[in-house]
Number of protein chains: 2
Amino acid sequence: MTALKPAFPAPGHDHDRCTAEGIEHAERICADRSQNLTPIRRQVLRALLSSHRPLGAYEVIDELARVMPRPAPITVYRALDFLMQNGLVHRIESRNAFLACGREHDDASAVAFLICECCGSVGEIPATAVAQSLSDAARQTGFTPKLSVVEITGVCGHCQST
Amino acid sequence: MTALKPAFPAPGHDHDRCTAEGIEHAERICADRSQNLTPIRRQVLRALLSSHRPLGAYEVIDELARVMPRPAPITVYRALDFLMQNGLVHRIESRNAFLACGREHDDASAVAFLICECCGSVGEIPATAVAQSLSDAARQTGFTPKLSVVEITGVCGHCQST
DNA sequence: CGGAATTCATAAGCTAGCTTACTTTATTCC
DNA sequence: GGAATAAAGTAAGCTAGCTTATGAATTCCG
Ligand SMILES: [Zn+2]
Ligand SMILES: [Zn+2]
Ligand SMILES: [Zn+2]
Ligand SMILES: [Zn+2]
């Protein structure tokens, strides 16, 4: 995991920078892996980066439609698959939606998503401790956890002070 | 939380009993709250109790169709709402599916769902410790957790030994 | 040059989840 | 009996998520 970015960026933050960093990050990752960050893939990522909210596939399409001829679903699904495979996008199961991820996690590391039901933002926190106590609890039943979907709804700090 | 039922019932267990107990339980709860467990609501519950797998709404419909004229979606959604309001059914967010719950939780208590990717069964465990470490982690970001969706994919004990 | 692999376009379709709007049928209670 | 509530039936429809199938365009490489 890289630097400790705040899980929930403040309302007035410089979001253009978020976006720029996100793209840069993706470019670096893809270069490292000699993967091809094509224009469409970049656009899809940009769409996801346009907010800190997870977007449904059709929202992505709507977003893209603003700057190019409306793409077919298959097009964005392909791009999303690519981005997920390269750890640049997470899927938020409980929403059937996708979220850009500007961090690097090693494959094994567990994360938890904090979903603000007020502003819709999603923060991402390392969930090592959580995963641990989860494993403990689960293992008592003979269960071997694999992929964890830890998605917590609540209210983020910024929305709270409103 | 009532007795400590095993999170994952063994393959060869007496499932008729699970079902019977589930219905009984529901009857008790509804009586206590003077809620009306109508035939349809009971049938929907029975459908969900027919396995330890969560069922999608349309699977419920299919299930009901075997013993009555195929109900319209709205019908089962209404019943599901009722059952959820009375804590008899959980919604598994990551699957858009519903699971019968034979336990009693106080409203505040957190649970985690263990989803076996092999047999599809879902076990339910109290997640107090998990919730605690989760709260701790989350609160550092100013986030106040409310409703937790903790759904973990993995392999259950029974499937493991296969 | 010619074949293989990648990527994307085009077109169409399916399903599941869920809703809106109205009517009908009990049940209850005065 | 008659109004009021609760539960179901009926009919129709919308959307979002996701897929299949096929063909064109590029690029890579020997
Ligand atoms: Zn930002
Ligand atoms: Zn918020
Ligand atoms: Zn059983
Ligand atoms: Zn299993």
Side-chain angles (χ1 to χ4, degrees), chain A residues 26-27 29-31 33-48 51 53-65 67-86 88-99 120 149 151, chain B residues 26-27 29-31 33-48 51 53-65 67-86 88-99 120 149 151:
Chain A
E27 240 136 30
I29 297 281
C30 288
R33 304 172 153 215
S34 60
Q35 291 284 51
N36 199 351
L37 188 62
T38 65
I40 291 195
R41 290 168 180 173
R42 185 181 283 107
Q43 290 282 19
V44 168
L45 181 60
R46 194 182 294 279
L48 291 179
S51 76
R53 256 176 11 94
L55 299 186
Y58 276 63
E59 288 180 291
V60 173
I61 294 182
D62 290 344
E63 200 65 28
L64 291 208
V67 299
M68 56 158 61
R70 184 178 202 82
I74 186 70
T75 302
V76 346
Y77 278 107
R78 279 195 283 238
L80 287 170
D81 282 347
F82 171 88
L83 294 168
M84 284 196 293
Q85 264 164 33
N86 291 283
L88 299 167
V89 161
H90 292 295
R91 180 158 207 277
I92 306 293
E93 300 291 340
S94 64
R95 306 273 164 132
N96 292 334
F98 304 86
L99 180 72
V149 177
E151 297 171 9
Chain B
E27 239 135 32
I29 297 280
C30 288
R33 304 174 155 217
S34 60
Q35 291 284 50
N36 199 349
L37 188 62
T38 65
I40 291 194
R41 290 166 179 173
R42 186 181 283 109
Q43 291 282 18
V44 168
L45 181 60
R46 193 182 294 277
L48 292 179
S51 76
R53 257 177 9 93
L55 299 186
Y58 275 63
E59 288 180 290
V60 172
I61 294 182
D62 290 344
E63 201 63 29
L64 291 208
V67 298
M68 57 159 59
R70 184 179 202 80
I74 185 71
T75 303
V76 348
Y77 278 108
R78 282 195 280 234
L80 287 170
D81 282 346
F82 171 88
L83 294 168
M84 284 196 295
Q85 264 165 33
N86 291 282
L88 299 167
V89 161
H90 293 295
R91 180 160 207 276
I92 306 293
E93 300 290 340
S94 64
R95 307 274 164 131
N96 292 332
F98 303 86
L99 180 71
V149 177
E151 297 171 9

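Residue numbering restarts at 1 for every chain, and letters A, B, ... go by the order of the sequence lines. A quick note: this is a predicted structure, and the numbers were derived from the prediction, not measured.
In this structure, CG of A:Leu83 is placed 15 Å from C1' of C:dC8, rounded to the nearest angstrom. Between the C1' atom of C:dT6 and the CG atom of A:Asn86 lies a distance of 14 Å, rounded to the nearest Å.
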Between protein and nucleic acid, restricted to nucleotides 15-19 of chain D and to nitrogen or oxygen atoms under 3.5 Å apart, what atom pairs and distances do you find?
| unit_1 | atom_1 | unit_2 | atom_2 | d |
| --- | --- | --- | --- | --- |
| D:dG17 | OP1 | A:Asn96 | O | 3.3 |
| D:dG17 | OP2 | A:Ala57 | N | 3.4 |
| D:dG17 | OP2 | A:Tyr58 | N | 3.3 |
| D:dG17 | N7 | A:Tyr58 | OH | 3.0 |
| D:dC18 | OP1 | A:Arg91 | NH2 | 2.6 |
| D:dC18 | OP2 | A:Tyr77 | OH | 3.4 |
| D:dC18 | N4 | A:Tyr58 | OH | 2.9 |

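A salt bridge between A:Glu27 and A:Arg42 is present, with a side-chain N of the basic residue lying under 4.0 Å from a carboxylate O of the acidic one.
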Result block: side-chain N/O donor-acceptor pairs under 3.5 angstrom for residues 53-61 of chain B, not counting sequence neighbours:
| unit_1 | atom_1 | unit_2 | atom_2 | d |
| --- | --- | --- | --- | --- |
| B:Arg53 | NH2 | B:Glu59 | OE2 | 3.2 |
| B:Glu59 | OE1 | B:Gly56 | N | 2.8 |

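Side chain of A:Glu63 to main chain of A:Ala47: no donor-acceptor pair is present (N/O by atom type, distance under 3.5 Å, no hydrogens or angles). Without hydrogens or angle criteria, B:Gln43 side chain to B:Leu64 main chain gives no donor-acceptor distance under 3.5 Å.
Evaluation of atom-type donor-acceptor distances gives a pair under 3.5 Å for the side chain of A:Arg78 against the base of C:dA9.
Applying the 4.0 Å criterion to OP1 and OP2 of C:dC8, one finds that A:Thr75 has every side-chain N and O outside that range.
When each of B:Val44, B:Leu83, B:Asp81 is checked for a side-chain contact (heavy atoms from CB on, under 4.5 Å) with B:Val89, only B:Leu83 meets the rule.
Within residues 35-46 of chain A, the residues having any heavy atom closer than 4.0 Å to DNA chain C are, in order of number, A:Asn36, A:Thr38, A:Ile40, A:Arg41.
Annotation for B:Met84 and B:Arg91: closest pair SD-CB, 3.8 Å, computed over non-hydrogen atoms. Here the closest non-hydrogen pair linking A:Phe98 and A:Leu48 is O-CD2, 3.5 Å. Here the closest non-hydrogen pair linking A:Pro71 and A:Ala65 is CD-N, 4.4 Å.
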